[in-house]
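In what follows, chains are A, B, ... by sequence order, proteins preceding strands, each numbered from 1.
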There are 2 protein chains.
Amino acid sequence: MPKVSEQHRAARRAQILDAARVCFLRNGFHATTMQDVFGASGMSAGAVYRYFPGKEEIVRAIAGEAITEITGALQPLVEAPGAPAPFYEVIAAAVTALERLDVERGIPRIAVQVWAESLRSPRLAADVEAIIGSVAPLMMRLVERHRDQAWLPADVPVEATARALIGLVPGFIVQRVLTGLDAATYLEGLRVLLPSRDRVGAAAQ
Amino acid sequence: MPKVSEQHRAARRAQILDAARVCFLRNGFHATTMQDVFGASGMSAGAVYRYFPGKEEIVRAIAGEAITEITGALQPLVEAPGAPAPFYEVIAAAVTALERLDVERGIPRIAVQVWAESLRSPRLAADVEAIIGSVAPLMMRLVERHRDQAWLPADVPVEATARALIGLVPGFIVQRVLTGLDAATYLEGLRVLLPSRDRVGAAAQ
DNA sequence: AGTATAAAAACGAACATCCGTTCTTGACAG
DNA sequence: CTGTCAAGAACGGATGTTCGTTTTTATACT
């Protein structure tokens, strides 16, 4: 029985997903046809349908990949041991990573499409919420650590502050994909807006 | 010669656009069919096609409307005479307006779809860029006024700061439409992150 | 006022096209 | 041989748009 190696199967899957991502970047989820994916991947309809039960599952796989990579860009600095990282540093790391992910694979562009699609697909919405939902507690933990260092008042609203921080990421993504904003410029601006410990007491706004 | 009043024509157009917006909110641009729009508007195919040459033009009209309303939410405070409004106040006004636009007509949800769609439609991308492009100079002007009041250093990077400020708006929109974030919470968080004149010198981060 | 009329507006069934999926067929490894 | 994998033509269904027909309505004329 000619069963193919597990490694080969994974490679095939990746081949399909890579092709699909390129198609989605060019035409969006709905306007890319299965034929497009067949062509871009160099595989036949029968072959692709062996690895994915349908178009929606390909979209879900791509979406999960993109959202996971973006939230993943936030985690390292948040969870670093020792003194908590300054907010600016955390966002800087995330934004820099996002820029690289955009240049290399267009991940932020996929993300914007996922946001839109999740507004009408409960399936995708659940996927997205599951992944994004894991970020909020993480960021809240970071805010708490800042508070415990007395960098923030004891009664700081933890969740609200975390939400505002998280918002800085889509704030960059949207401007990046719509107007080509680069990370350096955005971060330069954030340095003005966000107070840093070094500049406590300095006049800002 | 029986031509109908201009007023009637405008009402008809609005009737189509209102129906289309509801459909788009429920199903997205691509998954709503013309039949859906016919049904929701209570008009026939022929009638709708008398007012719009095709589906794409309806999408463009809805998109332009949504983006215009959102950028419009930013302008009043930015252009107010007298002393420049604090950054927090400007963003607060915009975010509060956005929440209302969401409850009333789902405008932010439409906006997210427009962002995604503009990634693959040069037509729409041009529309969006034209409208959004008008916001950056406005916000830059606000930053300059802050600088001229010596609320910011003389060498403040104007464009970068404006970009960071602008990012706070999509930062709210995305979290609003994906996780139901409310304006009050977001603004409470922003008050922690953004230094305000009253709190200059207070420990923050 | 009442009516005729012609052009605009609306209707809605039909059309051509296209897309996701299936299924039969063949190739090839064990 | 035999069972897995791949190929790709074919299918059923749905979609955006058109177009011939019907209805409405503003105006001209009696």
Atom-pair distance ([atom1] on [X]; [atom2] on [N]), nearest Å:
X        : N       : atom1 : atom2 : value
Gln7(B)  : dA26(D) : CD    : C1'   : 16 Å
His8(B)  : dA10(C) : NE2   : C1'   : 10 Å
Arg13(A) : dA6(D)  : CZ    : P     : 14 Å
Phe29(B) : dT15(D) : CZ    : P     : 18 Å
Glu56(A) : dC19(C) : CD    : P     : 19 Å
Met43(B) : dT23(D) : CE    : P     : 18 Å
His30(B) : dT15(D) : NE2   : P     : 13 Å
Phe38(A) : dG8(D)  : CZ    : P     : 12 Å

Look at the aromatic rings of [X] and [Y] and report parallel, tilted or perpendicular, splitting at 30° and 60°.
X         : Y         : answer
His30(A)  : His30(B)  : parallel
Phe24(A)  : Phe29(A)  : perpendicular
Trp115(A) : Trp115(B) : perpendicular

Looking at the side chain of [X], which of [options] is the nearest nucleotide?
X        : options                   : value
Ala45(B) : dC11(C), dG12(C), dG20(C) : dG12(C)
Thr33(A) : dT17(D), dG20(C), dT21(C) : dG20(C)
Gln35(A) : dA10(C), dT21(C), dG16(D) : dT21(C)
Met34(B) : dA10(C), dG16(D), dA6(D)  : dG16(D)

Phosphate-side-chain proximity, [X] and [N], N/O vs OP1/OP2 below 4.0 Å:
X        : N       : value
Ser44(B) : dA10(C) : no
Arg50(B) : dC11(C) : no
Tyr49(B) : dA9(C)  : no
Arg9(A)  : dC5(D)  : yes

Which heavy-atom pair separates Tyr186(A) from Leu168(A) by the least distance, and what is that distance?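 Scanning both residues completely, I find the closest heavy atoms to be OH-O, 2.7 Å.
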Among all residues two or more places apart in sequence or in another chain, which pass the side-chain contact (heavy atoms from CB on, under 4.5 Å) test with Glu144(A)?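 With neighbours one apart ignored, the set is Arg141(A), Arg147(A), Val158(A).
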